Structure formats: C-alpha cells, structure tokens
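Everything quoted here is computed from the prediction, not taken from an experiment. Note: hydrogens, waters and symmetry copies are ignored here, and every other heavy atom, side chains too, is used.
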Amino acid sequence: MSRSVVGALPDGRLIVRRFSRYLPYLDHVDILDPVTGRSTLLHRKNRESYTAVAAAHGTRVVKLLGNSEPGGWILEVTDMRTGLTRQVMNTWGVPGGHCGTGWQYPIDLQFHRGELYFSGCVTNATGDVGVYRMGPGDRTPRLWLRGLYDIVWEGDTFLARSPVVADSSEPGEFTGSPPVRYGPDGARRGVPDPASYIAGVGRDRDRLEYDDGTVAGMSPRARNLGISRHGRFAAWREGGAGWLLDARTRTAVRLPGRETDKVSVSDARYLHWKTADGYHVLDLAALSDRG
C-alpha cells in the first residue's frame, strides 16, 4: 500500500494515511513512530467507507471518510489525549452532500493557526460550494466563505478557486477558475504573486509549465515528479538525488540524504522522501508560512 504523511503530533509521531488504488476499503490512518518504525492503527473497521483525507494539529486528528459513490462523506475528530473519536459532520442524505462532479471530497482539509478549514457543498445545486471553518472550541464546522473552494493557506493569505458552470457542460458538472489570492478576511488580493506558479506538466513529463506561459525543462532522468496543489512546489528524484523546487523563486534545492529512492507530495502538502539514511518529511505549509 502507498502512504502519505498528513500531519504530526507534538511528540514527533507522524499521522500517515495508507491507501490502495485497487482496494480502497483498506485505506486507513496510522500513527507512525519514526524512531522505532512502529505503527498504530487509527481507524474504525468499516468496509462501507474509507479514509479519503486526513489532517492533524496538536493532539487532534481529523479523518474524512467516504467511498467511491458520490453523495456524501463523514468527518471525524479523534483526541489523542483521551482516545475518543466523535463525528462532527455527516453529509450523507442531507442537502450539500453532493453538488456536482467538480468537487467530490474536500481534499483541501487542513489546519491553519489552529483552526480547521476545508471545502464542501452548501446545497445540492451544481457548483454551490463554500469554505468551512472549525475552531478548537467549536462542536461542528460552520460555513465561512461561500462561492470558494480548494483552499491553500500561504502565511496569512490563501489561494482558492471559484466554481465555473459552463452553459455547454453536462448536468452536474462544473470546473474551477484559476487560483486567486485572498486575505484572512476573505477579501480578494489578486492572482498568485510575485511569480506565477506551476500550471501543469508537459505531455512527455519533460517540462514544467507555468501560469505565465513560460516553461522549465526537466531532465530525462527525472522520476517521481510530484506537484503541490496550486503549483507552489514541485519535487522529484533524479538519479540518487531528490530535488525540491519553489515556483515562487524558481529555485531548486537538493534534498538531504544519500541514494534517494522515492519522492512524493501529499494533498496535505507534506513532502516525503526515502533515502539510504531513512524516511524524511518536510511540512511544505510551514515552509510557505515562512516565505
């Protein structure tokens, strides 16, 4: 099974989502001790749903449970101090469980300054999405900004998309606008700046394509190319070395470690790579906050 780091506890243990492309009901969340290599299962046994997304902050671990059928998902919070898990949101069979094929799950589930943020449907109308927020003292998430989704925080500003429903689209379909920068009050600040971010990869995966139309060539030896949501960071392996590129500065740095074997970027914006020295993790969200 593949694994993706989604958070860390104050004592250094990692929250790891393990998933299978072919057997999604086996998806679950582990608490991994990087020192001993031992894992502890943190997921209820339920073949009807699997862990689609997870995030962690302090001693709180949030899991989003869903399945391959559109129509809803469940949000659970586990307090690692007490071991208690409670359900804070269930969109199955209620308005807002499904609002089109443009946004099935809130893969943008993330913590920022101790508060949980994610995108979800507000009603069942096509493209009716919004950003939800839940603070440490809140029992349930509350709608914060309607008409935005796919949020990524960078310091005290964030990037998000707006839903676009074309007249020619199929019923229930919508796409997203290019990402736009907003302030902490939700006021629009403009497009990502001061430099454009990565918009895509060449057909032969031999180059990175930026929002402003420029391109950057990739070595034919590059492997495991991963790009963070909205294209701020890219990481890859080239020979025995791992590399991290910041699209804002167009600067790439070599990752520590010898004989890099695997490099990947998770939806939760954690970079992890495996070397002869062990398993390494870098919080890209924290890197963005520091500029």
Side-chain angles (χ1 to χ4, degrees), residues 5-10 15 53-62 64 75 77 88-89 103 106-120 122 129-163 176-199 210-212 226-235 244-253 265-272 281-291:
V5 177
V6 299
L9 296 173
I15 315 300
V53 195
H57 176 77
T59 59
R60 290 178 293 162
V61 180
V62 181
L64 184 134
L75 199 65
V77 177
V88 298
M89 198 170 186
W103 190 248
I107 61 170
D108 58 350
L109 190 74
Q110 65 194 275
F111 280 96
H112 176 71
R113 305 290 192 258
E115 293 194 306
L116 178 70
Y117 292 85
F118 62 92
S119 303
V122 180
V129 292
V131 176
Y132 288 79
R133 179 169 66 179
M134 187 174 74
D138 295 334
R139 297 292 299 176
T140 58
R142 61 191 187 279
L143 181 63
W144 180 47
L145 293 172
R146 194 168 187 170
L148 297 178
Y149 73 107
D150 198 9
I151 177 176
V152 169
W153 282 94
E154 290 190 350
D156 288 323
T157 64
F158 65 89
L159 301 177
R161 303 181 191 274
S162 301
S177 68
V180 174
R181 189 175 300 278
Y182 296 85
D185 57 354
R188 180 168 174 158
R189 295 281 184 87
V191 297
D193 56 345
S196 63
Y197 289 179
I198 300 168
Y210 290 88
D211 289 318
D212 61 5
I227 300 174
S228 65
R229 284 190 303 110
H230 297 329
R232 169 70 188 272
F233 297 103
L244 172 65
L245 169 72
D246 185 344
R248 172 170 287 183
T249 62
R250 307 284 175 100
T251 301
V253 295
V265 179
S266 69
D267 286 333
R269 298 181 73 200
Y270 277 85
L271 167 68
H272 26 101
V281 178
L282 176 65
D283 185 350
L284 296 177
L287 196 63
S288 293
D289 286 348
R290 292 196 299 266

(request) Apply side chain to side chain contact (heavy atoms under 4.5 Å, CB included) to the pair Val122 and Tyr132, showing each step before the final yes or no. (result) CA-CA 9 Å; Val122 180; Tyr132 288 79; 3.9 Å; yes

(message) Any non-hydrogen side-chain atom of Asp108 less than 4.5 Å from a side-chain atom of Trp103?
(response) yes

(message) Taking Ile151's backbone N and O only, do any of them form a donor-acceptor pair with Gln110's side chain (distance below 3.5 Å, no angle check)?
(response) yes

(request) Evaluate the side-chain proximity of Leu159 to Arg232: yes if any heavy-atom separation is below 4.5 Å, no if none is. (result) no

(request) Dump the intermediate steps for side chain to side chain contact (heavy atoms under 4.5 Å, CB included) on Leu116 and Leu75, then the final yes or no. (result) CA-CA 12 Å; Leu116 178 70; Leu75 199 65; 4.3 Å; yes

(request) Answer whether the closest heavy-atom distance between the side chains of Arg60 and Pro136 falls below 4.5 Å. (result) yes

(message) If you define the side chain from C-beta out and look only at heavy atoms, does anything of Val131 sit under 4.5 Å from Tyr182?
(response) no

(message) Using the ring pair (Phe, Tyr, Trp, His ring centres under 6.0 Å) criterion, which residues pair with Phe111? Sequence neighbours excluded.
(response) His57

(message) What I'd like to find out is whether the side chain of Pro106 reaches to under 4.5 Å of the side chain of Leu64, using heavy atoms alone.
(response) yes

(message) Please give me the minimum heavy-atom distance between Met134 and Arg142, naming the atom from each residue.
(response) CA-NH1, 4.3 Å

(request) Please examine the side chains of Leu287 and Leu271, heavy atoms only from C-beta on, and report whether any two atoms are closer than 4.5 Å. (result) no

(message) Under the rule for ring pair (Phe, Tyr, Trp, His ring centres under 6.0 Å), what residues qualify as partners of Tyr117, not counting sequence neighbours?
(response) Trp144, Trp153

(message) Tell me every residue that passes side chain to side chain contact (heavy atoms under 4.5 Å, CB included) with Ala56, counting only those two or more places apart in sequence or in another chain.
(response) Ile15, Val61

(request) Kindly indicate whether the side chain of Phe118, heavy atoms from C-beta on, has any atom under 4.5 Å from the side chain of Val53. (result) no

(request) Evaluate side chain to side chain contact (heavy atoms under 4.5 Å, CB included) for Arg133 paired with Asp138, printing each intermediate quantity in order. (result) CA-CA 9 Å; Arg133 179 169 66 179; Asp138 295 334; 5.9 Å; no

(request) For Thr140, enumerate each residue passing the side-chain hydrogen bond (donor to acceptor under 3.5 Å, both in side chains) test, keeping only those at least two apart in sequence or located in another chain. (result) none

(request) Would you check, one step at a time, whether the test side chain to side chain contact (heavy atoms under 4.5 Å, CB included) holds for Ile198 with Leu245? (result) CA-CA 10 Å; Ile198 300 168; Leu245 169 72; 4.2 Å; yes

(request) Only counting residues at least two apart or in another chain, list the ones meeting side-chain hydrogen bond (donor to acceptor under 3.5 Å, both in side chains) with Tyr149. (result) none

(message) What I want to find out is whether Asp156 reaches Arg113 closely enough, with some N-O distance under 4.0 Å, to be called a salt bridge.
(response) yes

(message) Please check this pair: side chain of Ser177 against backbone of Ser162, looking for a donor-acceptor N/O pair closer than 3.5 Å.
(response) yes

(message) Please check: side-chain N/O of Ser228 versus main-chain N/O of Phe233, any donor-acceptor pairing under 3.5 Å?
(response) yes

(request) Could you tell me whether the side chain of Leu282 reaches within less than 4.5 Å of the side chain of Tyr270, counting heavy atoms only? (result) no

(request) Can you see which heavy atom on Ser266 is nearest to which on His272, and at what distance? (result) CB-NE2, 3.9 Å

(request) Apply side-chain hydrogen bond (donor to acceptor under 3.5 Å, both in side chains) to Arg161 and list each qualifying residue two or more places apart in sequence or on a separate chain. (result) Asp150, His230

(request) Supply the atom-to-atom distance Asp212 CG to Tyr197 OH, rounded to the nearest 0.5 angstrom. (result) 12.5 Å

(request) Over all heavy atoms of both residues, which pair between Gly58 and Pro10 is shortest? Give the atoms and the distance, please. (result) O-CD, 3.0 Å

(message) Restricting to side-chain hydrogen bond (donor to acceptor under 3.5 Å, both in side chains), what partner residues turn up for Asp185, sequence neighbours left out?
(response) none

(request) Taking all non-hydrogen atoms of both residues into account, name the closest pair between Thr157 and Arg189 and its distance. (result) CG2-NH1, 3.5 Å

(request) Please report the shortest heavy-atom distance between Pro141 and Val88, naming the atom on each side. (result) CD-O, 3.5 Å

(message) For Arg139, give me all partners under salt bridge (Lys or Arg N to Asp or Glu O under 4.0 Å), at least two apart in sequence or on another chain.
(response) none

